[in-house]
Chemist: 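Pasting a structure here, questions to come.
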Amino acid sequence: MKKFKAEEINELIRSRRSVFPKDYTGEKVDDAIVKQMLENANWAPTHKLTEPWRFVVFTGEGLKKLAAFQSECYKQVTQAKGTFDEKKYEGLKTKPFECSHIIAVAMKRDEKKSVPEWEEMGAVFCAIENMYLTATAYGIGCYLSTGGVTNYEEAKEFFGLSKEDKLLGFLNIGMPKGSPAEGKRKPIEDKVKWINLP
Ligand SMILES: Cc1cc2nc3c(=O)[nH]c(=O)nc-3n(C[C@H](O)[C@H](O)[C@H](O)COP(=O)(O)O)c2cc1C
C-alpha cells in the first residue's frame with residue numbers, strides 16, 4: 001500500500017482552523033480550489049456507498065440570492081413565532097458578502113433508507129472535514145456555520161431538498177488575512193481507553 005508523508009498530513013490536520021469572515025480579506029478564492037474541495041468531499045467514507053452529501057455553492061451574484069432568501073425565511077418563521085430579532089435578520093442579510101463562497105451542505109436521504117440517518121449525517125460531516133482540510137492545504141480560510149436557517153423546514157425547498165433530507169450547515173469560505181491562532185484541545189489521553197489483551 002502506498003505511503004504518504006505522514007508528518008505533513010499530521011501537521012495539516014493540526015493546523016486546520018476555523019477561520020471566520022471577520023478574518024477574510026474580501027478577495028475572491030479561485031473557483032478551481034473550491035472545486036477541489038468539493039471533489040475531495042466526494043471521497044468521504046460512506047456506508048453502502050449511498051454518497052449522501054449534497055452541496056449548493058453560492059458565489060458572486062449567488063451570494064445575493066442566499067442573503068435575500070435566508071433573511072426573509074428567518075423573518076417569516078420567527079415573526080410567526082414571535083421570536084424575531086432585528087440584529088439576526090440584518091446579519092443574515094449582510095454577512096454572506098464577507099465571504100468569497102458559501103457552500104450549503106446537506107444530507108440527501110437514501111430512498112431505500114438502507115442505513116440509519118445518523119450514519120448518513122456522519123458521512124456528510126466526514127465530507128465537510130475533507131473540505132476543511134483541502135482549504136487548509138491551499139491556504140484558504142473556512143468555517144462551518146450551523147446557525148441561521150440550518151434547522152428550518154421552510155428552508156429546504158430553496159436548497160432542492162425534500163422532507164426526508166437535512167440541511168446541515170453552511171461552509172463559509174474566504175481568503176484569510178493572516179495565520180490563525182493556534183488551536184486548543186484537551187489531551188487525547190483523557191478521551192481514550194486502551195484495552196490490552198495479554
Ligand atoms: C458540527 C459543527 C458545527 C459548527 N457550528 C458553528 C457555528 O454555528 N458557529 C460557529 O461560530 N462555529 C461553528 N463551528 C466551528 C467551531 O466553532 C470550531 O470548529 C471550534 O471553535 C474549534 O475550532 P477549530 O475548528 O479552529 O479547531 C462548528 C463546527 C462543527 C464541527
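Counting starts at 1 for both ligands and their atoms, in listed order. All values reported here derive from a predicted model rather than from experimental measurement. Only this structure's heavy atoms are used, side chains among them; waters, hydrogens and symmetry mates stay out.
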Chemist: Tell me which donor-acceptor pairs under 3.5 Å the side chains of residues 137-152 have, and how far apart each pair is, sequence neighbours excluded?
Modeler:
from: S145; atom 1: OG; to: G147; atom 2: N; distance (Å): 3.4
from: T150; atom 1: OG1; to: T146; atom 2: O; distance (Å): 3.4
from: T150; atom 1: OG1; to: G147; atom 2: O; distance (Å): 2.5

Chemist: Applying the 4.5 Å side-chain criterion to the ILVMFWY set and letting contacts propagate, would M131 and V57 be lumped into a single cluster?
Modeler: yes
Chemist: Keeping to residues at least two apart or across chains, list the side-chain hydrogen bond (donor to acceptor under 3.5 Å, both in side chains) pairs with something in residues 27-37.
Modeler: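 Qualifying pairs, neighbours excluded: T25-E27, K28-D31, D31-H101, Q36-N40.
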Chemist: Can you name the residues that come within less than 4.0 Å of ligand 1, going by heavy atoms only?
Modeler: R16, R17, S18, F20, F125, Y143, L144, S145, T146, G147, R185
Chemist: With rounding to the nearest 0.5 Å, note down the distance linking CD in E154 to CZ in F69.
Modeler: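 Output value for this atom pair is 9.0 Å.
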Chemist: Going by side chain to side chain contact (heavy atoms under 4.5 Å, CB included), name the residues that satisfy it together with R54, two or more places apart in sequence or in a different chain.
Modeler: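 Expected list: A106, K108.
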Chemist: Heavy atoms, side chains only, cut-off 4.5 Å: are T50 and E119 in contact?
Modeler: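 Contact flag for T50/E119 side chains = no.
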